[in-house]
Structure formats: C-alpha cells, structure tokens
Number of protein chains: 2
Amino acid sequence: MVLLRQGMQHVRNYYNSEAQMIRSNFPRPFISQTYKSSFTKQKSKVENKLLAAKKHSEAEKRRRMRINGQYETLRSILPNLIKKDKASILVETIKQVKELKKKASNLEEQNRGTLKEVKFPSGGDRLNLEKCNDEEGLVKATLSCEDRPGLMSSIARAIGSMKAKVVKTEMVTVGGRTKTVLWVQGIENESMGMLKSTLKVVMHKPSFKMRRFPQ
Amino acid sequence: MVLLRQGMQHVRNYYNSEAQMIRSNFPRPFISQTYKSSFTKQKSKVENKLLAAKKHSEAEKRRRMRINGQYETLRSILPNLIKKDKASILVETIKQVKELKKKASNLEEQNRGTLKEVKFPSGGDRLNLEKCNDEEGLVKATLSCEDRPGLMSSIARAIGSMKAKVVKTEMVTVGGRTKTVLWVQGIENESMGMLKSTLKVVMHKPSFKMRRFPQ
DNA sequence: ACCTACACGTGATAC
DNA sequence: TGTATCACGTGTAGG
C-alpha cells in the first residue's frame, strides 16, 4: 500500500540531506584565509546553517504530520470512502458537508412545518386548506377560532357528512382560543370548496345540538 | 498575505531547476569517451532525464493544484473561518462534519419523537402518564381507546374539573380507534393518580350527556 | 516503461 | 529576531 511508505521514510536521517546540501550549493571557505578563521569560524557558520536547516525540516515535518493527522481522522469519519488519496478525501468531505447542511435544513423545515407551526393559535379567525403533495387525496386543513366544548366532534361530523375521514389531528388551546390542524383523507378536487364552507360554518356557529345542550 | 505568493511562484520556469539539477547531482560524461558517444548519446540521455523530470514536476504541480482547489472550496463553504491555513481548515471541517451529523440525528430523533410516534393507535386500550422534564408541572398523557364522538370534550371536561388545563393535544384516528396525546398543565404530584383514574373512566365509559344525546 | 500519490528537504515569504 | 506557512522539485514505492 501507498501509506506504508510513511513508516519506511521515517528511517531516513538528516545526514543524507546535510551531505547533499554541502555537495551542491553550500559556500566553501577560501583557502587563503587563516587556519583559525577558515576552520573554526566557517565551521560554526556551517554548523549553524546545518542546525537551522535541521530545525526547519523538523518543523516542516511536524506541520506535515499535523495535516496528515487530520486527513487520518477524516478518513475515519467519512463513510464509504473508496478512494483514499488526499484530493478524493477532500472532495468527499465537501460533498458530505453540503449534503449534511441540506439534510439539516430540510429536517428543521419539517420540524417547523409540524409542531412548531401549530403551537400558537392566531388572534383572528382563520381557515386554510392545502393539498398534501406526499399523498393522494390528503388535505391539510388549518383553522384558528374561539375554543368551545364539542368543537372537535362538530368538525368530525361535518367532515363525515362529506364521506371524508380525519386521519390525524393536532390541536392547541391557549387562552380560550384554539388552533386545529386536520389531515383529511378522501376529498376530491371539486369538493374542496364545499369542505371549506362547511368548516367555516362549523367554526363560527355552534351546531344545533350544541346550542340546545350547552356543555 | 501568504496566499499571494502562489501567483508569484507560478512565474518560475523550469530552467532554474534544470540548471540546479545539472549543477548538483547529475552524472557528467567521461572525457575519455569518444566525442560522438560522450556527446550525442549522453545528451539524449540528459534530455530524456530532463523531460522526465519536467513531466514529473508538472504532474506534481497538477496534483498540488487539485488538492489546493479543494482547500479553496472548503474555505468558501465553511462559515466563520478565522485561521485560513491548511491544518486549521481540516480541523474546522472535521468539527463541522461532526456537529452537522449530531444535529441531523437530533432533528431526526425529534421528528420521530413527535409525529411518527403518535401515528398509530395501539390495539389494546392503553393509558400512560409521564412528567415532562422540560417544563414544571407539565404532564404528557397518552391514551389509546375506541373512538367515539365527544371523546375529546369529555376528556377536556375531566381535566377541567381538576383545575388543570390541556395546553396541547395530538390525536390520530384510524379504523375506529384513537390515539390521543395530551399535554396537561397544572397537575401536582399528588393529583397524578387522580388524573389517571379520571382519564381511565372517561376512556371506557361514555359520559352521562353523551349517552342521553348520542351524536 | 509509465503514471500516480506520497514524504521529504528546501528557499521564499509573512508576521 | 525567530517561527510560522507555503510551493516547489525530487526520490521513491505501488500499480
């Protein structure tokens, strides 16, 4: 494997590179200088240079290791990583980040669209119908009005009279006002208007029975 | 800026490196060889080597650019990126990925914990009360039973008689059975048992009014 | 033989 | 000053 080379190359010591540096382009002392200056002074310069170079390459190595460590954790985090080379890792990471961002915002939207939205009944009376796109013939009806006993059953009866069925409801009551969300199954396109007007009547006028036998 | 150096270094051509290669450690032809062999043959070898080296360094440059391009897009994607160096980018990326994963799973959990959970009424009659830890005095009551008109208002009356209040309800009706979740505010610890028994009665026996005026 | 990916040491540059 | 980061060309192992 490619990654196994890493361990091997750690064996290399710095003498190789020092020798190479001296051989190639490192300034030599002039012969005409005195022995002492040409030797001790230049040698200390050489040694300083070597030391600096060594420090430099060691620092660079630390930097590489820091970066490669992060690549390593990325490798461990990312699922289904086929190509393990650095560029592919970064590409895959970017893809993942984008996907996760989209997923998170979608889920937040969903959450908002269910419970959070229904949390507060609006002040004025309101009635809204919309078709759910995820299922055929499913209509979501949202209504805000004054709360009263028997409201739910009135609504259920109204919908039952239209041969439709309430499959799910959410209801919040706060301060005497109620916001109700109904998911109604079995509403045809042409009967949407009728459903709306029926619900409107039920919302505002207590039914016959409710008036005669107030609870 | 550090990143501005990139553009400058592109100006460097390959003659520098070729010269350096010849100067430092590239094999020289022997003088004792014939003119032809020592010149043309070695020159072609040199040229081949140079060509190969050039190809190599160009390929390496492409690789670097590929990787650095991904760093660039990461820089653009990640918000609030203070330190722009490679290691920090990777660290920040990893943090983001972990956070997003956690966030996504939390939101999924939330979604599951609200709507999905309440979706199916259980077959047998069931009544469960639990205290909500996020708010003081808030109790979540879950009950599954046969559906009937007026059930909701019976429940509401029962709870009202205990000086408590239903602040939110979720209700699913499917196949004549109903699962209802009530969030009840204002229940003391000692009245939990009373609430439970009251709800039990309401669940199984239609109220007086309901029996006299069946809807 | 060729290509790819990597680690390395180095000079340049910024702070 | 020293101490970061970076791009670069190179040697080298694996395919």
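Chain letters run A, B, ... following the sequence lines, proteins first and then strands; every chain starts at 1.
Between the CZ atom of R62(B) and the C1' atom of dC6(C) there is a distance of 16 Å, rounded to whole Å. Atom CZ of R63(A) is separated from atom P of dG9(C) by 14 Å (rounded to the nearest Å). Atom CG of N48(A) and atom P of dT1(D) are 12 Å apart (whole Å). Across the protein-nucleic acid pair, K54(A) atom NZ and dT3(D) atom P stand 16 Å apart, rounded to whole Å. M65(B) places its CE atom 11 Å from the P atom of dA7(D), with the value rounded to the nearest Å. Rounded to whole angstrom, the span from the CG atom of D85(A) across to the P atom of dG14(D) amounts to 17 Å.
The CG atom of L90(A) lies 13.5 Å from the NZ atom of K95(A); values are rounded to the nearest 0.5 Å. If you take CD1 on I89(B) and CD1 on I94(B), they are separated by 12.0 Å, rounding to the nearest 0.5 Å.
Between K86(B) and R64(B), the residue whose closest nucleotide on DNA chain D is further toward the 5' end is K86(B). Position along DNA chain C of the nearest nucleotide to E60(B) versus K55(B) favours K55(B) as the more 5'-ward residue. Heavy-atom distances to DNA chain D give each of H56(B) and A87(B) a nearest nucleotide, and the one nearer the 5′ end belongs to A87(B).
Put simply, the side chain of S191(A) does not reach to within 4.5 Å of the side chain of L195(A), judged on heavy atoms.
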Map every base of DNA chain D to its dot-bracket character, where paired means a Watson-Crick or G-U wobble contact with both distances under 3.5 Å and | marks a partner outside the strand. .||||||||||||||
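Legend: residues meeting side-chain contact (heavy atoms from CB on, under 4.5 Å) with R63(A), ordered by chain and number and at least two apart, are E60(A), R66(A), I67(A), K86(B).
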After noting the C-alpha distance and the side-chain angles of E146(B) and M203(B), does the key distance pass the side chain to side chain contact (heavy atoms under 4.5 Å, CB included) rule? CA-CA 8 Å; E146(B) 289 296 320; M203(B) 268 173 66; over 6 Å; no
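Checking dT10(D), dA5(C), dT10(C) against the side-chain heavy atoms of A53(A) singles out dT10(C) as nearest. Distance from the side chain of K61(A) is smallest for dA7(C) among the nucleotides dA7(D), dA5(C), dA7(C).
Between the side chain of S88(B) and the main chain of K84(B), no donor-acceptor pair closer than 3.5 Å is present.
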